[in-house]
Amino acid sequence: SQTIHQWPATLVQPVGSPLSLECTVEGTSNPNLYWYRQAAGRGLQLLFYSVGIGQISSEVPQNLSASRPQDRQFILSSKKLLLSDSGFYLCAWSRRDSYNEQFFGPGTRLTVL
Amino acid sequence: KNEVEQSPQNLTAQEGEFITINCSYSVGISALHWLQQHPGGGIVSLFMLSSGKKKHGRLIATINIQEKHSSLHITASHPRDSAVYICAVRSTSGTYKYIFGTGTRLKVLA
């Protein structure tokens with residue numbers, strides 16, 4: 001069976017500090033991978049998605065970047081965090097089929113102070 | 001107007017009540033996904049539908065492709081059903097992205 005891991009679960013960082021969130025998927029190969037952010041009380045916003053190693057599509061201009069160094073690893077980064085980067089970050093994966101059912105990781109709650 | 005609309009936005013019910021959450025969409029889709037987000041933030045997949053009806057325990061999901069509408073029903077609701085329910089569609093536009101509904105916040109009182 002497939003599982004998706006995210007870490008850390010919670011993170012408190014000062015403004016201006018760097019960020020690295022990691023997501024890994026087990027039990028599947030060639031997944032599509034996604035990073036979402038959910039601000040407090042808001043819906044899910046797609047930040048990045050990837051259809052393969054080194055292939056990243058950015059959905060919104062922002063202070064964040066993503067990388068996919070391995071098939072089942074997806075990393076969300078920032079060089080300098082802003083207060084507005086606070087939120088709940090979710091990684092998801094899907095198979096490459098017509099249904100595109102997405103499965104979500106447990107999420108990382110990021111607070112920037 | 002959002003491409004995927006949910007109603008109601010908020011719903012409070014008494015334990016045992018039958019609950020219906022609606023999702024309407026304006027785009028062509030290949031599949032519709034119902035998700036449940038718990039108060040802690042985790043998201044659980046409930047159903048993936050492309051036609052007809054699916055049932056899992058007390059949850060039933062239906063979809064009418066011609067009317068571009070889906071419903072999620074909860075029978076004999078329980079306080080542990082309290083969560084945000086999210087409808088997401090995969091459009092036929094050829095991308096891998098979901099289009100999300102606005103979510104329905106359900107609270108079931110004991």
Side-chain angles (χ1 to χ4, degrees), chain A residues 1-11 21 23 30-52 55-60 68 74 86-111, chain B residues 1-10 21 23 25 27-52 54 56 61 63 65 70 83-107:
Chain A
S1 64
Q2 300 83 21
T3 54
I4 178 168
H5 304 279
Q6 281 186 249
W7 62 91
T10 59
L11 191 58
L21 302 181
C23 170
N30 286 330
N32 292 334
L33 296 171
Y34 310 82
W35 276 113
Y36 291 93
R37 176 170 59 202
Q38 189 176 38
R42 307 291 296 275
L44 290 164
Q45 179 187 37
L46 179 63
L47 302 176
F48 301 95
Y49 72 95
S50 171
V51 299
Q55 299 179 64
I56 310 293
S57 296
S58 174
E59 289 298 297
V60 293
R68 185 170 177 174
F74 205 21
S86 293
F88 189 59
Y89 288 83
L90 286 152
C91 180
W93 74 274
S94 71
R95 295 183 185 88
R96 294 182 199 176
D97 58 26
S98 60
Y99 297 115
N100 191 44
E101 182 173 9
Q102 294 184 25
F103 301 93
F104 290 81
T108 295
R109 193 164 301 282
L110 172 66
T111 303
Chain B
K1 192 178 192 298
N2 292 335
E3 292 170 302
V4 181
E5 296 274 0
Q6 284 184 239
S7 63
Q9 286 190 330
N10 294 283
I21 299 170
C23 176
Y25 52 91
V27 297
I29 70 167
S30 58
L32 182 144
H33 199 174
W34 280 104
L35 304 163
Q36 179 193 52
Q37 185 169 28
H38 294 288
I43 292 180
V44 174
S45 173
L46 297 176
F47 296 103
M48 171 66 79
L49 293 165
S50 57
S51 65
K54 286 190 176 179
H56 186 260
I63 188 167
I65 297 294
S70 176
V84 176
Y85 292 83
I86 302 168
C87 169
V89 303
R90 197 233 163 144
S91 78
T92 51
S93 67
T95 73
Y96 291 106
K97 296 181 285 185
Y98 272 167
I99 304 173
F100 288 95
T102 49
T104 294
R105 187 173 299 275
L106 171 65
K107 187 171 185 179

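Everything numeric in this text was worked out from a predicted model, so none of it was measured. Letters go in sequence order (proteins before strands), and every chain restarts at 1. These numbers come from the heavy atoms of this one structure, side chains and all, not from hydrogens, waters or symmetry mates.
Nearest heavy-atom pair, B:G41 versus A:R109, reported as atom, atom and distance to 0.1 Å: CA-NH2, 4.2 Å. Nearest heavy-atom pair, A:E59 versus B:K97, reported as atom, atom and distance to 0.1 Å: OE1-NZ, 3.1 Å.
Residues B:L35 and A:F104 form a side-chain contact, since some pair of their non-hydrogen atoms from C-beta on lies under 4.5 Å apart.
In this structure, chain B has no heavy atom under 4.5 Å from any part of A:R42. In this structure, the portion of A:L46 lying under 4.5 Å from any heavy atom of chain B is its side chain and not its backbone. Looking at B:T102, there are no atoms closer than 4.5 Å to chain A (heavy atoms on both sides), in backbone or side chain.
Atom CD in A:Q102 sits 5.5 Å away from atom CZ in B:F100 (nearest 0.5 Å).
The environment of CD in B:Q9 is sparse: at most 12 heavy-atom neighbours from other residues, nucleotides or ligands sit within 6.0 Å.
No close placement of the A:Y36 and B:Y98 rings is indicated, their centers lying 6.0 Å or farther apart.
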